[in-house]
Amino acid sequence: QVQLVESGGGLVQAGGSLRLSCTASGRTFSRLAMGWFRQAPGKEREFVAAISCLGGRTDYADSVKGRFTISRDNAKNTLSLRMSSLQHEDTAVYYCAATDKVRNLRAVVRTTPEYDYWGQGTQVTVSS
């Protein structure tokens with residue numbers, strides 16, 4: 001089992017920045033492909049960003065490309081999401097996700113069903 005705990009959410013004005021963190025335990029962190037998803041009220045959970053096991057590859061949703069940066073510190077078992085130029089439309093609960101089933105350590109995983117483990121979520125609210 002993998003346990004994921006997010007932190008760093010909060011209220012921010014439009015145009016501002018936030019940094020989310022996710023701490024993982026239960027598996028060797030460098031064998032976990034990781035991602036961030038978000039879910040706004042009344043909407044389905046959507047992909048935000050993903051990173052490969054060793055951090056060499058990343059992928060982003062078009063809506064956040066150029067504004068958000070995903071990164072990981074395998075020595076600290078920590079995944080991060082740096083969010084800047086935040087917009088009201090970024091308001092959502094943000095979830096950290098992990099999978100230990102990737103065969104290719106360079107793979108990035110974009111789809112919800114491919115992730116096996118999820119955090120409890122952290123609320124991000126952007127006031128306009």
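Quick caveat, the model's predicted, so the values are computed rather than measured. Computed from heavy atoms alone, side chains included, the values below leave out hydrogens, waters and symmetry copies.
- Here the CG-CD distance, from Leu4 to Gln120, works out to 9.0 Å after rounding to the nearest 0.5 Å.
- For the pair Glu46 (side chain) and Arg38 (backbone), a donor-acceptor distance under 3.5 Å is absent.
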Run the side-chain donor-acceptor check on residues 10-36: report pairs under 3.5 Å with partners two or more places apart or on a different chain.
residue, atom, partner, partner atom, Å
Ser25, OG, Gln3, OE1, 3.3
Arg27, NE, Asp100, OD2, 3.0
Trp36, NE1, Ser80, O, 3.4

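- Counting heavy atoms of neighbouring residues, nucleotides and ligands inside a 6.0 Å radius, atom NZ of Lys65 exceeds 12 of them.
- Residues in residues 74-109 take part in no ring pair (Phe, Tyr, Trp, His ring centres under 6.0 Å) pair, two or more places apart or across chains.
- Here the straight-line distance linking atom CH2 of Trp118 with atom CZ of Arg45 works out to 5.0 Å at 0.5 Å rounding.
- Every residue two or more places apart in sequence or in another chain was checked for a side-chain hydrogen bond (donor to acceptor under 3.5 Å, both in side chains) with Asn77, and none qualifies.
- Thr91 contributes a side-chain N or O that, together with a main-chain N or O of Val126, makes up a donor-acceptor pair within less than 3.5 Å.
- Minimum heavy-atom separation, Leu86 to Arg67: CA-NH1, 3.9 Å.
- Here CG of Asp62 is found 9.5 Å from CZ of Phe47. Values are rounded to the nearest 0.5 Å.
- Asp116 has its side chain within reach of Lys101: a pair of non-hydrogen atoms, C-beta onward, lies under 4.5 Å apart.
- Pairs engaging residues 36-71 under the disulfide (SG to SG under 2.5 Å) rule: none recorded [sequence neighbours left out].
- By the rule that hydrophobic residues join a cluster once side-chain heavy atoms approach within less than 4.5 Å of another member, Val102 and Tyr117 end up as members of separate clusters.
- In this view, Asn104 satisfies the side-chain hydrogen bond (donor to acceptor under 3.5 Å, both in side chains) rule with no residue, not counting sequence neighbours.
- Gln39 contributes no side-chain N or O that, together with a main-chain N or O of Ala92, makes up a donor-acceptor pair within less than 3.5 Å.
- By the criterion of side-chain heavy atoms lying less than 4.5 angstrom apart, applied directly or through intervening Ile, Leu, Val, Met, Phe, Trp or Tyr residues, Val2 is grouped together with Leu81 in one hydrophobic cluster.
- Under a 3.5 Å cut-off, the side chain of Arg57 and the backbone N or O of Arg106 do form a donor-acceptor pair.
- Taking the side chain as every heavy atom from C-beta outward, Thr112 and Glu44 never approach each other to under 4.5 Å.
- Summarising the geometry of Gly9 relative to Val124, their closest heavy-atom pair is CA-CG2, 4.2 Å, with the distance given to 0.1 Å.
- Between Ile70 and the options Leu79, Val108, Asp59, Val64, a side-chain contact (heavy atoms from CB on, under 4.5 Å) holds for only Leu79.
- Nearest heavy atoms, Asn74 versus Leu54: ND2-CA, 4.0 Å.
- In this view, Phe68 satisfies the ring pair (Phe, Tyr, Trp, His ring centres under 6.0 Å) rule with no residue, not counting sequence neighbours.
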